[in-house]
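Taking it in order: structure first as structure tokens, then the write-up.
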Amino acid sequence: MAKIQAIRGMNDVLPDQTPVWQYLELTMRELLSAYAYSEIRFPVVEQTQLFKRSIGEVTDIVEKEMYTFEDRNGDSLSLRPEGTAGCVRAAEQHGLLYNQTQKLWYMGPMYRHERPQKGRYRQFYQMGVEAFGMPSTDIEAELLILSNDLWQRLGLGEFLTLEINNLGTAEDRVQYGNALRGYLLEHKDILDEDSQRRLEKNVLRILDSKNPDTQEILKGAPKLPDFISEASAKDFETLQTALKGVGISYIVNFGLVRGLDYYNGLVFEWTTDQLGAQAAVCSGGRYNGLSKQLGGTDTPGVGFALGMERLVLLLEELGRLPEEIGRCVDLYIAVVGSGVQIQAMKLSADIRRVLPELRVLTHCGGGKYNSQLKKAFASGARCALILEGDEELAEIKVRILDDAGETTVLGTPSVCDWLTKFFR
Ligand code: ATP
Ligand code: MG
């Protein structure tokens, strides 16, 4: 029978890679806690309508990338392609958006039926941050400072570039969309099929087109900054002053529109030139109308999501990992002979109680002295305790696992003291 394989684009993370993931997750948790953001968890499956109404019907995600299916009741459900919609839904449903502010984060898998390649998968992990109830630019600046802080903590600062834009209010977007459509209709024949289709329903997305002919036409198109309201323009200035004030460099990119319909006001993207075509590491922006659009309170919102696989790739490829990250064993307890098994278990328990931070691997599965010592070396542990005996245990040998191979003999009561001195 043929072996069953994982679904294309959905990755297993093997034990030699999980330490990198754990390091990244821990760094993010510490960062978010330092900014007093709270974690929220919500399902990976939602009603399809939630994503259609928030992300937008005429977007790549909803048109081509969603995993949508009917459940046994005949309801249309989808695996979440991103987190903002579910986060807003959950916060609204439980009254977290009523007359209050929230600073929230989440972490977990997202699903998009894309063409798998390096840095682009069908199941991928995002960490997302969403702030509700704050229409001001201070929270926008805080989100950018927080993300910048993460790159610093990970040692990736020099490899990431921040691009920002302001799409104006929802009304400004409509005005600009109309002007852009008017202009592009004059050049309709030259536009490719995708862009022609977007003309009616999502004209701003044409700005993102990779087609060189389209980009050529766009050079003569009406420009976004001429259409955004005075208030939006002023907010954008204030944000830029804040970024300069805290020393975060950025590029203003008027062509940055983002692929999701719910954005207005600020949009931004952190990109890298180290991952080929998969340049976007973290993206976000403001989505003030979204909760109302989903039938809830009219609450301002702003947030971002980052792609964890892309960060793992950067950390690995640029070698930005703390030295101790690969090691997961400190002490190896070899158990030679059948007479000492119970003593080994008791001693392991004592050591774990006295030295709770120590990672103690107790050998299971038998084997001769030499083969167990080999495994102890291979484990990366710094020292091994060797318990030997067919009837009972008389003494314990401690072997320091370096080239000198120093061995000491200890009595059972002194083991914990010796280890405490050795490891602290
Ligand atoms: P891209 O331009 O690479 O398609 P996107 O604009 O679709 O990215 P968002 O929807 O803004 O991305 O998601 C936020 C982040 O999630 C991205 O910046 C990226 O790091 C990551 N991401 C998005 N899609 C994938 C994917 N299929 N596989 C891995 N990471 C992804
Ligand atoms: Mg995409």
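When a ligand or atom number is given, it counts from 1 through the structure's own listing order. Just so it is clear, the values below take in all heavy atoms, side chains as well, and ignore hydrogens, waters and symmetry mates.
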Element-labelled atoms of ligand 1 that are located less than 4.0 Å from some non-hydrogen atom of V281: 18 (O), 20 (O)
Cationic N near anionic O, under 4.0 Å, R198 to E63: no
Pi-cation contact, F422 with R382 (under 6.0 Å, within 45°): yes
Identity and separation of the nearest protein heavy atom to atom 18 (O) of ligand 1: S283 OG, 3.1 Å
N/O separation below 3.5 Å, I61 to ligand 1: no
R181 side chain to L199 backbone, donor-acceptor under 3.5 Å: yes
Option of least heavy-atom distance to atom 29 (C) of ligand 1 (set: A280, G119, P116): G119
Atom 12 (O) of ligand 1: nearest protein contact (heavy atom, Å): R112 NH1, 3.9 Å
Pair R205 + D60, salt bridge at N-O below 4.0 Å: yes
Protein heavy-atom partner closest to atom 4 (O) of ligand 1 - residue, atom, separation in Å: R120 NH1, 2.9 Å
Identity and separation of the nearest protein heavy atom to atom 28 (N) of ligand 1: Y121 N, 3.0 Å
Test: E57 and K201 ion pair at under 4.0 Å: no
Heavy-atom proximity to atom 22 (N) of ligand 1, best of F304, F124, Y125: F124
No-hydrogen, no-angle side-chain donor-acceptor test under 3.5 Å, D192 and S195: yes
Mode of E82 contact toward ligand 1 - side chain, backbone, both, neither (heavy atoms, under 4.0 Å): neither
Ligand 1 N/O within reach of Q126 N/O, cut-off under 3.5 Å: yes
Heavy-atom nearest option to atom 6 (O) of ligand 1, drawn from M308, Q123, R258: R258
Numbered atoms of ligand 1 (with element) below 4.0 Å of C282, judged on heavy atoms: 18 (O)
Side chain, backbone, both or neither: the part of A279 lying under 4.0 Å from ligand 1 by heavy atom: neither
Min N/O separation A305 to ligand 1 under 3.5 Å: no
Shortest protein heavy-atom distance from atom 27 (N) of ligand 1, along with the residue and atom involved: E114 OE2, 2.6 Å
Distance-only donor-acceptor check, side chains E142 and Y37, under 3.5 Å: yes
D60 and ligand 1 - part of the residue with a heavy-atom distance under 4.0 Å: neither
Nearest-neighbour protein heavy atom for atom 21 (C) of ligand 1, which is reported as residue plus atom name and distance: G307 CA, 3.6 Å
Pair E30 + R153: basic N to acidic O under 4.0 Å: no
Side-chain (T297) to main-chain (L97) donor-acceptor, under 3.5 angstrom: no
Salt-bridge present (E269, R258; N to O < 4.0 Å): yes
E357, CD atom: more than 12 neighbouring heavy atoms under 6.0 Å: yes
E309-ligand 1 polar pair, N/O distance under 3.5 Å: no
